[in-house]
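Just below is one structure, and these are the notes that go with it.
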Amino acid sequence: MELSLTLKEPHKRAALFGPGDAYLRRIRQTLDVQLQARNNTVRIVGEPTQVARAAAVVERLQELIRGREYIDERALEQTLADVAGAQERPSGEALAVFTPHVVISPRTEGQRGYVRAMLDYDMVFCSGPAGTGKTYLAVAVAVSLLKSGHTNRIVLVRPAVEAGEKLGFLPGDLQQKVNPYLRPLFDAMHDMMTFDQLKRFMVNDIIEVIPLAYMRGRTLNNAVIILDEAQNCTPSQMLMFLTRLGHHSKMIVTGDDSQIDLEPGQASGLVDAVSRLRGVEGIAILRLTEVDIIRHKLVQAVVTRYADEPLTAGRPTRSDNRRRTLPPTEPAPDSGLPSSSPAGEQTKQ
């Protein structure tokens, strides 16, 4: 694997690399990677896990040198110890991401159970209303595992389905056409790393953001694969997606069964999968509820009111049908996760 980093303060290159590039040689020896510095760029080549750690060391040294003239050997050794020796997996209470001084933590009991499930299980289904952090926490776990070297890449997937209105043909190339559907995933990523980091990771295929239709025929090893808005895929698409899981990978499926945008008569792949796979060993199935909503306080009131009253008088909505189909779920047997509460029922905090 090869990764290129751009120096944030090129004029401090000599101080960053140490006397006679001694610090670069120390990083190279400790992490068993190739390091080449040219102009304002550091090129790192080696095993994916070690490249990720070397990149983390360089990024942290760049933060240390900001506001000072040099870095001493003690600071270098401490940085190497912090990054190269960090074998512990994220605990679930604090998820370290690439943005300096930013730590993401679950805020509710339901969210804590969700994060623990993602760390402990290779396949996780999480449903729940808008604002409960389903997508955001899934991306945070994936980024945290990437930073700590426990995974080599992240694949973010979404079905390209419009939310109740036809947009027609969109202009541009493939990336420009699917960008509106994938924007929420990019928004979450931007909170967890800089724009330049995200761009570099995408250029080097460490992070891939693609529509669901382009998953067919692939096998993804050593990756965290997230399917967002899964309520808008069909059962056959869900089967195709789930069978992409490779060795040493995790698969996280999120969706809101109250906001299904499929054509009338089409079954939801999320609802179907949860029904079929409940009780399968190694799979965790959870539901977050209104009490887990962490957006503006009015979002919780809106979700509760729409759940209680149909959108169309005298006619059941798709939401009503899906709620009868997909009841509150429980975690996988012996998972140690808290059981979720029915929609609208208050749980003790």
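Rounding to the nearest 0.5 Å places OG1 of Thr151 at 6.5 Å from CG of Asn222. Remark: Asp205 CG to Arg153 CZ distance equals 5.5 Å, nearest 0.5 Å. One distance of note links CG of Leu288 with SG of Cys126; it measures 4.0 Å at 0.5 Å rounding. Interatomic distance, Met123 CE to Leu245 CG, rounded to the nearest 0.5 Å: 5.0 Å. In this structure, OG in Ser4 is found 8.0 Å from CD1 in Ile44, a value given to the nearest 0.5 Å. For the atom pair CG (Leu198) and CE (Met189), the distance works out to 6.5 Å, reported to the nearest 0.5 Å.
No donor-acceptor pair closer than 3.5 Å links the side chain of Tyr306 to the backbone N or O of Ser258. In this structure a side-chain-to-backbone donor-acceptor pair under 3.5 Å is present from Ser249 to Leu220. A distance-only check finds no donor-acceptor pair linking the side chain of Thr30 to the backbone of Ile27 [under 3.5 Å]. Judged purely by atom type and a 3.5 angstrom limit, Lys134 uses its side chain to pair as donor or acceptor with the backbone of Gly128. Under a 3.5 Å cut-off, the side chain of Asp292 and the backbone N or O of Thr289 do form a donor-acceptor pair. Side-chain atoms of Thr79 come within 3.5 Å of backbone N or O of Ala75 as a donor-acceptor pair. With Gln237 contributing its side chain and Ala213 its backbone, the two residues share no donor-acceptor pair below 3.5 Å.
Here the closest heavy-atom approach between residue Gln266 and residue Thr234 is recorded as NE2-CG2, 3.9 Å. Contact record, Leu270 with Ser127: CD2-CB, 4.3 Å, taken as the closest heavy-atom pair. Between Pro211 and Val157, the shortest heavy-atom contact is C-CG1, 4.1 Å. Of all heavy-atom pairs between Val33 and Arg28, the closest is O-CG, 2.7 Å. The two residues Ala267 and Pro235 come nearest to each other via the heavy atoms O-CD, 3.3 Å. Looking at every heavy atom in both residues, Ala117 comes nearest to Leu286 through CB-CD1, 3.8 Å.
Looking at Asp228 and Thr254, their side chains do bring a donor and an acceptor atom within 3.5 Å of each other. Side-chain polar atoms of Glu229 and Gln231 form a donor-acceptor pair below 3.5 angstrom. No side-chain donor-acceptor contact under 3.5 Å links Gln197 and Arg200.
Here the side chains of Ile225 and Arg244 are not in contact, with every heavy-atom distance at 4.5 Å or above. Contact annotation: the side chain of Glu77 never approaches that of Arg74 to less than 4.5 Å [non-hydrogen atoms, C-beta and beyond]. Considering only heavy atoms from C-beta on, Met251 comes within 4.5 Å of Phe241 through its side chain. Between Arg38 and Arg43, every side-chain heavy-atom pair lies at or beyond the 4.5 Å cut-off. Contact annotation: the side chain of Val124 approaches that of Tyr114 to within less than 4.5 Å [non-hydrogen atoms, C-beta and beyond]. Proximity of Val224 to Val141: side-chain heavy atoms (C-beta onward) are nowhere separated by under 4.5 Å. Taking the side chain as every heavy atom from C-beta outward, Val97 and Met193 never approach each other to under 4.5 Å. Using a 4.5 Å cut-off on side-chain heavy atoms (C-beta onward), Phe201 and Val143 make no contact.
The 12-atom threshold is not exceeded at CD of Glu73, counting heavy atoms of other residues, nucleotides or ligands nearer than 6.0 Å. Other residues, nucleotides and ligands place no more than 12 heavy atoms under 6.0 Å from the NE2 atom of His248. No more than 12 heavy-atom neighbours from other residues, nucleotides or ligands sit within 6.0 angstrom of NE2 on His247.
Cluster membership for Val45 and Leu3, using ILVMFWY side-chain heavy atoms within less than 4.5 angstrom, is not shared. Both Leu227 and Leu277 sit in one connected hydrophobic cluster of ILVMFWY residues. Membership requires side-chain heavy atoms under 4.5 Å apart, directly or through other members. No single ILVMFWY cluster, assembled from side-chain heavy atoms under 4.5 Å apart, contains both Leu239 and Val155. Hydrophobic clustering places Leu7 together with Leu24 (ILVMFWY residues linked when any side-chain heavy atoms are closer than 4.5 Å, directly or through intermediates). Cluster membership check: Phe186 shares its hydrophobic cluster with Leu156, using side-chain heavy-atom separations under 4.5 Å among Ile, Leu, Val, Met, Phe, Trp and Tyr.
Salt-bridge annotation for Asp272 and Arg276: present, with a side-chain N of the basic residue lying under 4.0 Å from a carboxylate O of the acidic one. Taking the charged nitrogens against the carboxylate oxygens, Arg287 and Asp257 do have a contact shorter than 4.0 Å, which makes a salt bridge. Look at Glu208 and Arg218 and you find a salt bridge, because one of the NZ, NE, NH1 or NH2 atoms lies within 4.0 Å of a carboxylate O, short of that distance. Using a 4.0 Å cut-off between charged side-chain N and carboxylate O, Arg60 and Glu63 make no salt bridge.
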Notebook entry, point to check: Do Gln62 and Glu59 pass the side-chain contact (heavy atoms from CB on, under 4.5 Å) test, and can you show the C-alpha distance, the side-chain angles, and the key distance before you say yes or no?
Noted result: CA-CA 5 Å; Gln62 291 197 80; Glu59 293 286 3; 3.7 Å; yes
Margin query: Checking Glu47 against Asp32 for the side-chain contact (heavy atoms from CB on, under 4.5 Å) test, could you report, in this order, the C-alpha distance in whole Å, the side-chain angles of both residues, the deciding distance, and whether it holds?
Written below: CA-CA 9 Å; Glu47 292 296 321; Asp32 191 24; over 6 Å; no
Margin query: Set out, in order, the CA-CA distance, both residues' side-chain angles and the distance that settles side-chain contact (heavy atoms from CB on, under 4.5 Å) for Met192 and Leu95, then state yes or no.
Written below: CA-CA 10 Å; Met192 301 171 197; Leu95 301 169; over 6 Å; no
Checklist line | side-chain contact (heavy atoms from CB on, under 4.5 Å) between Phe17 and Leu35, intermediate numbers included | finding: CA-CA 11 Å; Phe17 296 162; Leu35 278 175; over 6 Å; no
